*Asks:* 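There's a structure below that I have some questions on.
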Amino acid sequence: MKKIILIGFMGCGKSTLGKKIANKLKIPFFDSDREIEEKHKKTIGEIFGEHGESYFRMLENEFVDSLNVEDEFVLATGGGMPCHNKVIEKLNELGTTFYLERSAKELTNRLINAKEKRPLIEGMTSEELEFFVDEKLDERKECYQNANFTLDRADQNVKEVVDLINLLQPHRTN
Ligand code: S3P
């Protein structure tokens with residue numbers, strides 16, 4: 001059963017890479033943020049605004065618990081999901097986890113024009129964003145490094161990842 005779980009900081013490219021991998025492996029792709037939004041009929045911004053961050057973390061936890069162990073999928077997680085309520089441990093039990101490692105500088109550059117819809121960084125100036133990413137990445141790195149594999153090149157080829165996954169799980173069990 002292929003369960004590929006991509007973790008990493010906001011803006012590291014989990015969804016983009018995840019969709020490509022899912023396409024190549026012909027298995028479904030999920031983005032935890034989109035699934036939560038759909039289930040609760042609210043945007044992530046609305047959930048943060050109306051109920052606060054810890055409520056959102058609870059919904060993330062609930063989402064992970066609701067994943068069907070019988071299914072195959074590629075999952076792009078919200079950036080903070082693995083680092084709250086020990087979700088990383090659940091993710092490692094559930095499937096094969098990949099940390100998309102990017103430097104704070106690279107992440108800041110990627111996030112500068114992608115702050116909307118991300119309540120933790122919405123409205124920040126470039127300086128504030130740079131400081132936030134630096135601090136938060138430092139805080140979360142230890143958690144992210146618990147992933148089974150680290151993909152540390154931004155140009156990491158989809159084929160490379162898919163080959164690695166096939167090497168780990170060459171046969172479908174269903
Ligand atoms: C968050 C990352 C976001 C989203 C929420 C909180 C975080 O997901 O879950 O805004 O704590 O890093 P992306 O990593 O998809 O931006």
Side-chain angles (χ1 to χ4, degrees), residues 3-22 28-67 73-92 94-95 97-126 128-147 149-152 154 156 158 161:
K3 287 188 198 30
I4 293 127
I5 302 166
L6 305 179
I7 69 169
F9 207 83
M10 285 178 258
C12 69
K14 291 163 293 200
S15 296
T16 308
L17 180 67
K19 279 180 200 158
K20 288 181 185 167
I21 296 173
F29 168 79
F30 298 111
D31 177 309
S32 66
D33 285 342
R34 299 297 83 76
E35 295 297 313
I36 290 170
E37 288 185 329
E38 218 163 276
K39 179 168 179 204
H40 298 274
K41 310 263 177 285
K42 281 181 182 168
T43 64
I44 301 298
E46 285 166 347
I47 297 173
F48 265 75
E50 293 171 22
H51 306 281
E53 183 176 347
S54 40
Y55 179 78
F56 174 68
R57 299 303 173 197
M58 189 198 72
L59 298 186
E60 288 190 309
N61 201 359
E62 211 176 81
F63 166 75
V64 176
D65 290 339
S66 75
L67 288 168
F73 55 77
V74 179
L75 169 68
T77 61
M81 178 203 267
C83 311
H84 292 85
N85 306 311
K86 298 195 177 157
V87 168
I88 183 66
E89 292 175 12
K90 287 189 190 175
L91 298 177
N92 279 338
L94 189 68
T97 50
F98 291 84
Y99 167 35
L100 272 64
E101 184 178 41
R102 308 281 175 255
S103 68
K105 191 170 167 37
E106 199 182 343
L107 290 166
T108 305
N109 288 338
R110 289 171 65 107
L111 285 168
I112 269 170
N113 296 315
K115 288 180 285 184
E116 326 76 55
K117 295 195 187 149
R118 288 186 163 107
L120 291 179
I121 57 171
E122 206 174 4
M124 281 186 179
T125 63
S126 301
E128 284 166 343
L129 180 66
E130 195 178 343
F131 184 76
F132 173 86
V133 174
D134 234 34
E135 291 252 293
K136 226 13 162 208
L137 182 61
D138 221 42
E139 187 185 305
R140 290 182 177 172
K141 218 173 222 168
E142 204 181 322
C143 154
Y144 291 148
Q145 283 167 345
N146 286 307
F149 296 95
T150 296
L151 304 174
D152 58 5
Q156 208 119 13
V158 177
V161 179

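As the structure lists them, so they are numbered: ligands from 1, and atoms in each ligand from 1. Since this is a predicted model, take the numbers as computed values, not measurements.
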*Asks:* What is the nearest protein non-hydrogen atom to atom 16 (O) of ligand 1, stated with its residue, atom name and distance?
*Replies:* R118 NE, 2.7 Å
*Asks:* Look at atom CD of E142 and say whether more than 12 heavy atoms of other residues, nucleotides or ligands are closer to it than 6.0 Å.
*Replies:* no
*Asks:* Specify side chain, backbone, both or neither for D31, according to which of its non-hydrogen atoms lie closer than 4.0 Å to ligand 1.
*Replies:* neither
*Asks:* Please test F9 against R102 for side-chain contact (heavy atoms from CB on, under 4.5 Å), starting from the C-alpha separation and ending with a verdict.
*Replies:* CA-CA 8 Å; F9 207 83; R102 308 281 175 255; over 6 Å; no
*Asks:* Looking only at the side chains, is there a donor atom on one of N61 and K90 sitting less than 3.5 Å from an acceptor on the other?
*Replies:* yes
*Asks:* Counting heavy atoms only, which of R57, K136, M81 comes nearest to atom 6 (C) of ligand 1?
*Replies:* R57
*Asks:* Check whether N92 reaches the backbone of N146 with its side chain - one donor and one acceptor, N or O, closer than 3.5 Å.
*Replies:* yes
*Asks:* Quick one: which ligand 1 atoms are inside 4.0 Å of a heavy atom on L120?
*Replies:* 7 (C), 11 (O)
*Asks:* Students should be able to answer this: which protein heavy-atom is nearest to atom 10 (O) of ligand 1, and at what distance?
*Replies:* P119 CD, 3.5 Å
*Asks:* Name all pairs fulfilling the salt bridge (charged side-chain N to carboxylate O under 4.0 Å, His left out) condition that reach into residues 128-138, sequence neighbours left out, sorted by first residue then second.
*Replies:* K136-E139
*Asks:* Would you say ligand 1 has an N or O under 3.5 Å from any N or O of G80?
*Replies:* yes
*Asks:* For ligand 1, which is the ligand I care about here, please tell me if R140 has any N or O atom under 3.5 Å from one of the ligand's N or O atoms.
*Replies:* yes
*Asks:* Take atom CG in N113; do more than 12 heavy atoms of anything else shown fall under 6.0 Å from it?
*Replies:* no
*Asks:* Answer yes or no: does an N/O atom from G8 fall short of 3.5 Å to an N/O atom of ligand 1?
*Replies:* no
*Asks:* Counting both backbone and side chain atoms, is some N or O of D33 under 3.5 Å from an N or O of ligand 1?
*Replies:* yes
*Asks:* Measure the spacing between CG of L100 and NZ of K14 and express it to the nearest 0.5 Å.
*Replies:* 8.5 Å
*Asks:* Look at atom 14 (O) of ligand 1 and say which protein heavy atom is nearest, naming residue and atom and giving the distance to 0.1 Å.
*Replies:* K14 NZ, 2.6 Å
